[in-house]
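Just so it is clear, the structure is predicted and the values come from calculations on it, not from any experiment.
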Protein chains: 2
Amino acid sequence: MQDLSPQQNVQTSIDEAVVTGILSARIRPGTRLSENELASLFGVSRTRVREAMMRLEQRGIVKVSPRRGWFVVEPSAEEAMMVYAARRVIEAGLLRSMEELTDDGRATLHAHLAEEKAAIAAGDRQRLTCLMGDFHIRIAELSGNTILVEILRDLTARTILISLLYQSDFHAMQSHLGHCRIAAAMEEGDFLKAAELSVEHLDEVETGLDLTRRPDPLADLRHSLSLPPQTAAASNAPRKTKP
Amino acid sequence: MQDLSPQQNVQTSIDEAVVTGILSARIRPGTRLSENELASLFGVSRTRVREAMMRLEQRGIVKVSPRRGWFVVEPSAEEAMMVYAARRVIEAGLLRSMEELTDDGRATLHAHLAEEKAAIAAGDRQRLTCLMGDFHIRIAELSGNTILVEILRDLTARTILISLLYQSDFHAMQSHLGHCRIAAAMEEGDFLKAAELSVEHLDEVETGLDLTRRPDPLADLRHSLSLPPQTAAASNAPRKTKP
DNA sequence: GCGACAAATCTTGCATACAAGATGGGTAAG
DNA sequence: CTTACCCATCTTGTATGCAAGATTTGTCGC
């Protein structure tokens with residue numbers, strides 16, 4: 001059953017599987033994560049699944065509803081605003097603290113932007129979602145500060161969940177252009193400008209959300225039945241299910 | 001602090017106990033945290049202790065050495081620099097993003113600075129350590145962003161561990177004055193200046209460390225036997241134990 | 001006295017068992 | 001037909017048991 005470096009490989013793989021699932025928008029907010037199912041999927045006992053869930057809960061990625069189950073978080077509008085505020089603070093502060101862009105860094109940014117462009121051309125939405133978040137992580141990686149990288153990775157995961165909940169439609173091109181502008185400022189060595197552009201960019205994304213809209217508890221079923229997405233009017237209408 | 005149900009109270013109390021122990025410098029870096037001992041101390045089984053350790057590990061506060069035990073982290077010099085860099089980025093970014101100081105905020109800051117002063121006068125070192133870290137958390141709390149508060153709380157815990165490892169002596173008054181200057185700038189509404197002062201303050205603290213000195217693996221025993229603290233020469237001398 | 005080896009002991013890693021609680025379906029009463 | 005209630009089922013919460021490995025101690029040989 002176990003082949004190579006079994007412990008660590010499996011240990012981190014549950015966490016990673018969930019996180020990458022979220023980063024690529026394959027796992028929706030509110031998704032239920034059953035301990036038993038994950039345990040059999042990964043061929044381990046519930047103990048290790050629970051440990052993974054505990055870690056993910058600490059990272060703000062899943063929540064437990066007592067005796068009911070584990071669920072991927074569905075950030076409230078308030079939380080969503082805090083996540084974006086936190087990202088603005090950290091990303092702008094990070095850019096402002098940078099002093100120069102190495103050749104490697106320049107190459108990394110170029111490669112990433114090229115990937116974004118390719119994904120847009122290909123219309124690969126999952127890949128695009130992942131890349132759009134990754135751009136900001138790449139910048140953090142340039143700083144070499146792994147602590148900030150980890151923090152931003154988790155915030156990015158939450159950002160994607162927020163998008164899935166509140167974003168009416170996804171302006172990939174707009175985000176891509178924002179990234180291009182930030183990268184350009186960095187190449188010029190104008191990190192202050194890059195920081196301001198980053199704040200603008202995040203503002204733009206946040207403004208694109210409809211945070212007045214309540215998350216749709218029927219989204220999964222709606223999707224499964226190929227019904228049209230929830231309209232603003234419908235979301236404000238009284239619902240039978242409790243909020 | 002929180003009046004939650006008994007279960008959750010016990011659940012979080014292990015985590016909290018460890019963290020507050022660190023924040024008040026009662027728990028030294030490298031302290032071993034035995035699952036069995038904690039389990040009997042808290043009157044629970046090892047399961048819940050393990051879960052707490054997993055959470056604390058995710059927060060960068062403890063580490064597990066496989067089949068050997070759980071230990072409070074002993075940040076390396078590199079990690080220490082990353083922690084300070086992260087704090088500079090976040091705290092400066094946070095202050096820069098602030099726009100006004102409410103009356104409540106002003107009162108909170110005043111009250112805190114008064115406590116610092118009192119602790120200095122009383123020479124209460126544990127309380128002082130806690131307060132010095134708390135100042136920065138108070139500022140984050142003023143922003144109302146609980147996400148950033150939590151991040152900074154954990155970074156502060158690590159900062160204290162770093163101080164215990166690398167700080168030769170503790171210039172409480174210097175830090176206190178730094179805090180006063182930051183608070184003054186905030187009261188003037190000059191958050192940009194406050195941000196710069198904050199960066200300076202953290203630089204000052206980081207400069208006060210001796211990051212070339214390796215952590216002393218015998219510190220605990222040395223302390224218990226009332227031996228004099230490790231000298232720089234001794235720390236560079238070859239040791240029998242592996243680094 | 002000193003070093004090497006081996007067993008005893010202590011540690012975590014992981015699985016399993018059982019208990020408590022929530023949910024949903026079925027049934028009976030109105 | 002609707003509503004209320006109860007029980008079967010499924011979920012997590014927690015404890016416990018056993019195994020694997022690391023450390024330490026005790027012993028033997030030199």
Mind calculating the distance between [atom1] ([X]) and [atom2] ([N]) to the nearest angstrom?
{"X": "A/N36", "N": "C/dA15", "atom1": "CG", "atom2": "C1'", "answer": "13 Å"}
{"X": "B/R46", "N": "D/dA15", "atom1": "CZ", "atom2": "C1'", "answer": "11 Å"}
{"X": "B/K63", "N": "C/dT11", "atom1": "NZ", "atom2": "P", "answer": "22 Å"}
{"X": "B/L38", "N": "D/dA15", "atom1": "CG", "atom2": "C1'", "answer": "17 Å"}
{"X": "B/E51", "N": "D/dT12", "atom1": "CD", "atom2": "P", "answer": "13 Å"}
{"X": "B/F42", "N": "D/dT14", "atom1": "CZ", "atom2": "P", "answer": "15 Å"}
{"X": "B/M53", "N": "C/dG13", "atom1": "CE", "atom2": "C1'", "answer": "16 Å"}
{"X": "B/R48", "N": "C/dG13", "atom1": "CZ", "atom2": "P", "answer": "19 Å"}

Verify the contact: side-chain N or O of [X] to OP1 or OP2 of [N], cut-off strictly under 4.0 Å; return yes or no.
{"X": "B/R50", "N": "C/dG13", "result": "yes"}
{"X": "A/R68", "N": "C/dT23", "result": "yes"}
{"X": "B/T47", "N": "D/dT14", "result": "no"}
{"X": "A/R67", "N": "D/dT11", "result": "no"}

Counting side-chain heavy atoms from CB outward, which of [options] is closest to [X]?
{"X": "A/S34", "options": "C/dA15, D/dC18, D/dT12", "value": "D/dT12"}
{"X": "B/R32", "options": "C/dT11, D/dT11, C/dC14", "value": "C/dT11"}
{"X": "A/V64", "options": "C/dG13, C/dC14, D/dT12", "value": "D/dT12"}

Steps toward salt bridge (Lys or Arg N to Asp or Glu O under 4.0 Å) verdict (B/R127, B/E115): CA-CA 9 Å; B/R127 176 146 194 70; B/E115 275 196 85; 2.3 Å; yes
Note, B/R26 side chain near B/T20 side chain (heavy atom, < 4.5 Å): yes
Along DNA chain D (nearest heavy atom to each residue), the more 5'-positioned of A/E37 and B/S45: A/E37
Pair B/S143-B/N145, side-chain donor/acceptor within less than 3.5 Å: no
B/G208 backbone acceptor or donor facing B/Y166 side chain under 3.5 Å: no
Sugar-phosphate, base or nothing in reach of A/S65, heavy atoms under 4.0 Å: nothing
Ring-ring centroid check B/H112 B/H136, cutoff 6.0 Å: no
